[in-house]
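Notes follow the structure.
For ligands, and for the atoms within them, numbers begin at 1 and follow the listed sequence.
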Amino acid sequence: MTLTQKPPRPIRSYVVRQGRSSKSQQQARDLYWQQYGLNLSEGFCGWPAVFGRDAARVLEIGFGMGDTLITLAKAHPEMDFIGIEVHPPGVGRCLVQAQAHGLTNLKLYAEDALSVLEEAIPDGSLDKVLLYFPDPWPKKKHHKRRIVQSNFVNLVAQKLKPGGVFHMATDWQAYADHMLAILEACPALRNTFGKSTFAPSQYLRPLTKFEARGQKLGHDIWDLVYERR
Ligand SMILES: C[S@@+](CC[C@H](N)C(=O)[O-])C[C@H]1O[C@@H](n2cnc3c(N)ncnc32)[C@H](O)[C@@H]1O
């Protein structure tokens, strides 16, 4: 690379769409980020210090508008939840809901999940990782943007405790097949339902907002559940 050349742009699994936050979602960032937000600049998280206790930890990647994350955090006060999302209105809405329900077992990152995994999540520190309805990037030229790639899956496996669970779901069959192939090739993970087998559809999880939209259009659902060896 010469001095005048820019470094290549990393391939991202998302496009941040700005400017559609409501006023309350925008205000939430100012009012509640200090309480619920975590920042990459803080480096690796010592979870007991972050949550003030040592409880089971669940990470949701790409929580969208936060409905599933809030539902789970409300239903399981005995567990701690961490959400990662880059969509500003989604982060704002999740903050509003977290505050409205007085949640004390939830923290959020508003950054790229890959950076958060690499720079902030200690190895072997998570009990569960949820990846529900990641953007399918259906066009062949965009397949490289899919978040489920070997490097991402290896990273997730590294962050799980032994016996920890990685739960994924999609309503795009070609992406489900791609996920299955990538996950089966990860030596650190074991398919809970047997080699190259999908989990029962909607296995032990709430219906997500994105999923509900797809259901109205008659989409099928594929769940995948893997365990850290
Ligand atoms: C199709 S939506 C699904 C949202 C939610 N899980 C649901 O089922 O309703 C995928 C979400 O993942 C987020 N996302 C994609 N890549 C991401 C990344 N690298 N880091 C954080 N969020 C990401 C997008 O902003 C988007 O909100």
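- Nearest protein heavy-atom neighbour of atom 16 (N) of ligand 1: Ser13 OG, 2.8 Å.
- When hydrogens are left out, the protein atom nearest atom 9 (O) of ligand 1 is Phe210 N, 2.9 Å; that is the closest non-hydrogen contact.
- The stretch residues 162-184 participates, sequence neighbours left out, in these ring pair (Phe, Tyr, Trp, His ring centres under 6.0 Å) pairs: Tyr132-His167, Tyr175-His178.
- Once rounded to the nearest 0.5 Å, the distance linking OG of Ser150 with CG of Leu183 reads 9.5 Å.
- Shortest contact from atom 23 (C) of ligand 1 to any protein heavy atom: Val86 CG2, 3.9 Å.
- Of the residues listed (Lys128, Arg53, Lys107, Arg57), the one engaging Asp80 in a salt bridge (Lys or Arg N to Asp or Glu O under 4.0 Å) is Arg53, and it is the only one.
- For ligand 1 and Tyr132, the ligand atoms under 4.0 Å from any heavy atom of the residue are 3 (C), 5 (C), 6 (N), 8 (O).
- The shortest N or O to N or O distance between Phe63 and ligand 1 is not under 3.5 Å.
- Protein heavy atom in closest approach to atom 5 (C) of ligand 1: Gly62 O, 3.5 Å.
- Here Gln202 pairs with Glu211 under the side-chain hydrogen bond (donor to acceptor under 3.5 Å, both in side chains) rule; sequence neighbours left out.
- Both Ile82 and Leu131 belong to a common hydrophobic cluster when Ile, Leu, Val, Met, Phe, Trp and Tyr are linked at side-chain heavy-atom distances under 4.5 angstrom.
- For atom 8 (O) of ligand 1, the closest non-hydrogen atom on the protein side is Thr208 OG1, 2.6 Å.
- Protein heavy atom in closest approach to atom 15 (C) of ligand 1: Asp135 OD2, 3.4 Å.
- Polar contact check, Glu211 against ligand 1: no nitrogen or oxygen pair lies under 3.5 Å apart.
- For a threshold of 3.5 Å applied to N or O pairs, the pair formed by Tyr14 and ligand 1 contains no separation below that value.
- Checked by distance only, ligand 1 and Ala113 come closer than 3.5 Å through their nitrogen or oxygen atoms.
- In summary, Asp127 and Lys161 engage in a salt bridge, as defined by a charged side-chain N under 4.0 Å from a carboxylate O.
- Hydrophobic clustering keeps Val86 apart from Phe63 (ILVMFWY residues linked when any side-chain heavy atoms are closer than 4.5 Å, directly or through intermediates).
- In this structure, Arg146 forms no cation-pi arrangement with Trp137, as its terminal cationic atom is not both closer than 6.0 Å to the ring centre and no more than 45° off the ring axis.
- The nearest heavy-atom contact from the protein to atom 2 (S) of ligand 1 is Phe133 O, 3.6 Å.
- Atom 24 (C) of ligand 1 has Glu85 OE2, 3.3 Å as its closest protein atom, hydrogens excluded (heavy atom only).
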